[in-house]
Structures are given as structure tokens and as C-alpha cells.
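Source: prediction; values computed, not measured. As a basis for the values below, the full set of heavy atoms in this structure was taken, side chains included, without hydrogen atoms, waters or symmetry mates.
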Amino acid sequence: MCELPEQLFANPAWHALNTRHRHLALRYGAASRYSADVAPFAAVAEPSAEAFRDLHALLEPGEPVWIAIGDYALPREFAVEASLECLQMALPQSIATPETTRDHARLSARDARAMVALTDIAFPGFFRPHSYRMGRYYGMRGADALIAMGGERFQLEGFPEISAVCTHPVHRGQGLASDLIWRLVGEHRRAGLVSWLHVGCENLNAIRLYTQLGFVVSRTIEWRRIARAY
């Protein structure tokens, strides 16, 4: 196990939206969310009827968001559409960081369409046209397309999340994802930061890769996709 601070990681979207991502946050009372073109995540300071009334005001009717609220029973103003159990994994500081072996392009607004297209192959709907604003993203290009990428999502104080790591199916098996992860980890280490990530509990291939790189499980978290019912 690699321990991540419970007060941060039980509700990572809330802490990101109210610290390092304040400039990306829409807030009302005890609720916060990213705009729909940035990320499909929302959060409440604590699960309570009052906080969910505030969240209700931030959503359009029928609009879904992902939220981590434990076993809290939602008010009738919300419907649960799906749930996703994830591992939170972190890289212990004792793990050596190898040098990356390839050139990586820094991705930006001009790459947004290509980034969404690539991530939609692996995890459709999570990466949005303005997700690139959440952190640093790097990629590798083939002859005429983006073939691999990885970057940062939730920014917690001292703990940047590695996310959106994916490779086009035609180019898998070449170590591109691992190289991108090490690029990000290297930057985190030089800044004195701890790298971590989310991975779906059923995504055994990804869990195997992260374990091989030295990431260890810290905790399990359940995300629920909820929608404002009316």
C-alpha cells in the first residue's frame, strides 16, 4: 500500500476545484463543478441535503456529472445513471525514475480535437474539448495523427494526477504509454510532487501496466454518474 491523505483523496474533485483548479470551477454554496467542456466532474464539500440543493442549481435538467460521495443516499432530485469503482494508485518515492527514450510534443488548444478523438477510443466522454486546461499534456504523433498521449487531471496540493494515458490500438505494444508516464513522473519528481492516478477496477491491463511501473494501490473509490432529474 502507498498511503494518500484521506482528507484529499476521498473527495479529490472538491479539493482540486477549490485549490489548484479554482480558475476552472463553477461554484455555488457547498457545491463545485467543472464546466461541461472541461470535465464531467462535480463535488460537494460534504454529502448533505443542503449541498445537493446547491449542486442542483449548478446543473441543467438531465445533465450528468461524476461525483464521489461514498454511500450517501441521493435526494430524489437526482438519478444515478452509472457507477465506476476505481483504484487510486500512487508511485512511491523509492521507485527510481528512468529517462524517457522518445520525444514528446507538448499538447495545447490546437490539439484539442485530436486529443478528444484519441481518448474517446479508450474512455469515451471523460476527455472534453477544454480538458487540456487541467494540466500539462504530452503526446506522440505518427505520420498524420496523434497516436499516444498522457497528462494531468485533478491537481491536488503536492499530488498531481496522471490521467488520459492512452495509445491508438494500431500502435500499442511499443512502450509509448510507459514513456509518457515517465515523462510526467520525472517532472513531478523534480518539483517535489507525488504522482498518482485513477484506474477502473475492471481495467486489468492498465492495472498490470501501472503495477509493473511501480505504482501501488492506496485505496478504492466509487464514482457515481448522477443527473439532475428535473
Side-chain angles (χ1 to χ4, degrees), residues 1-35 38-47 51 54-55 58 65-70 72 84-95 97 107 119 123 126-128 130-138 149-165 180-201 203 206-207 210 213-225:
M1 296 286 288
C2 181
E3 294 301 323
L4 297 171
E6 179 72 15
Q7 70 274 17
L8 291 180
F9 287 87
N11 197 1
W14 172 261
H15 291 285
L17 283 161
N18 287 275
T19 56
R20 301 292 301 279
H21 278 167
R22 285 183 64 88
H23 62 293
L24 299 175
L26 303 174
R27 293 185 297 275
Y28 184 76
S32 300
R33 62 164 295 183
Y34 292 96
S35 61
V38 172
F41 293 98
V44 290
E46 60 181 8
D54 294 338
L55 180 60
L58 287 175
V65 288
W66 289 91
I67 189 167
I69 51 173
Y72 181 77
L84 179 63
E85 190 174 44
C86 292
L87 301 177
Q88 290 177 340
M89 303 181 72
L91 189 69
Q93 296 295 88
S94 59
I95 300 296
T97 305
L107 303 177
T119 54
F123 30 82
F126 281 94
F127 199 90
R128 303 292 174 83
H130 285 259
S131 292
Y132 69 88
R133 298 174 60 195
M134 300 179 81
R136 291 167 293 187
Y137 287 88
Y138 295 98
M149 64 172 279
E152 299 166 325
R153 187 171 61 181
F154 296 138
Q155 299 279 354
L156 307 180
E157 295 291 353
F159 299 89
E161 181 197 16
I162 293 177
S163 184
V165 178
L180 284 160
I181 291 170
W182 288 129
R183 169 64 183 259
L184 291 160
V185 169
E187 293 191 359
H188 296 166
R189 288 283 179 84
R190 287 189 289 274
L193 307 173
V194 176
S195 306
W196 69 285
L197 52 82
H198 280 100
V199 58
C201 290
N203 192 348
I207 293 171
Y210 299 140
L213 296 181
F215 284 82
V216 297
V217 174
S218 177
R219 66 195 307 278
T220 301
I221 185 171
E222 181 184 5
W223 291 89
R224 282 190 267 177
R225 190 177 71 208

- request: State whether a side-chain donor-acceptor pair under 3.5 Å links His188 with Glu152.
  value: yes
query: Between Tyr34 and His130, is any side-chain donor less than 3.5 angstrom from a side-chain acceptor?
result: no
What heavy-atom pair brings [X] and [Y] nearest, and what distance separates the two atoms?
X: Val199; Y: Ala206; result: CG2-CB, 3.7 Å
X: Ala31; Y: Ala51; result: CB-O, 3.9 Å
X: Ala164; Y: Phe123; result: CA-CZ, 3.5 Å
X: Gly214; Y: Pro92; result: O-CD, 3.3 Å
X: Ala68; Y: Ala10; result: CB-O, 4.0 Å
X: Ala13; Y: Ala42; result: CB-O, 4.1 Å

message: Counting C-beta onward and ignoring hydrogens, is there a side-chain heavy-atom pair between Ser131 and Arg128 closer than 4.5 Å?
response: yes
task: Would you mind reporting whether Pro5 and Phe159 have side-chain heavy atoms less than 4.5 Å apart?
output: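 When only atoms from C-beta onward are counted, Pro5 and Phe159 do touch, with a gap below 4.5 Å.
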[atom1]-[atom2] distance between [X] and [Y], expressed to the nearest 0.5 angstrom:
X: Ile221; Y: Glu85; atom1: CD1; atom2: CD; answer: 10.5 Å
X: Trp182; Y: Leu213; atom1: CH2; atom2: CG; answer: 5.0 Å
X: Arg22; Y: Arg27; atom1: CZ; atom2: CZ; answer: 4.0 Å
X: Leu17; Y: Ser32; atom1: CG; atom2: OG; answer: 5.5 Å
X: Arg33; Y: Tyr28; atom1: CZ; atom2: OH; answer: 15.0 Å
X: Glu161; Y: Leu156; atom1: CD; atom2: CG; answer: 8.0 Å

- request: Test Tyr72 against Ile67 for side-chain contact (heavy atoms from CB on, under 4.5 Å), laying out the working first.
  value: CA-CA 11 Å; Tyr72 181 77; Ile67 189 167; over 6 Å; no
- request: From the options Arg183, Glu187, Arg189, select the one residue that forms a side-chain hydrogen bond (donor to acceptor under 3.5 Å, both in side chains) with Thr97.
  value: Arg189
Between the side chain of [X] and the main-chain N/O of [Y], is any donor-acceptor distance below 3.5 Å?
X: Ser218; Y: Leu4; value: yes
X: Asn11; Y: Val44; value: yes
X: Trp196; Y: Gln88; value: no
X: Gln155; Y: Met134; value: yes

- prompt: Run the side-chain contact (heavy atoms from CB on, under 4.5 Å) check on Met89 and Leu197 step by step: do they pass?
  reply: CA-CA 5 Å; Met89 303 181 72; Leu197 52 82; 3.9 Å; yes
- prompt: With respect to His198, which candidate in Tyr210, Trp223, Trp66 satisfies the ring-ring contact (aromatic ring centres under 6.0 Å, His included) definition?
  reply: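 Single pass found, and it is Trp223.
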- prompt: Where do Tyr138 and Leu184 land on the side-chain contact (heavy atoms from CB on, under 4.5 Å) test, with the steps shown first?
  reply: CA-CA 8 Å; Tyr138 295 98; Leu184 291 160; 3.9 Å; yes
task: For side-chain contact (heavy atoms from CB on, under 4.5 Å), just list the numbers for Ile162 and Phe215, CA-CA rounded to whole Å, side-chain angles, deciding distance to a tenth of an Å, and then say yes or no.
output: CA-CA 11 Å; Ile162 293 177; Phe215 284 82; 4.3 Å; yes
query: Relative to each other, are the rings of Phe41 and Phe154 parallel, tilted or perpendicular (30° and 60° limits)?
result: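 Because their plane-to-plane angle is over 60°, the rings of Phe41 and Phe154 count as perpendicular.
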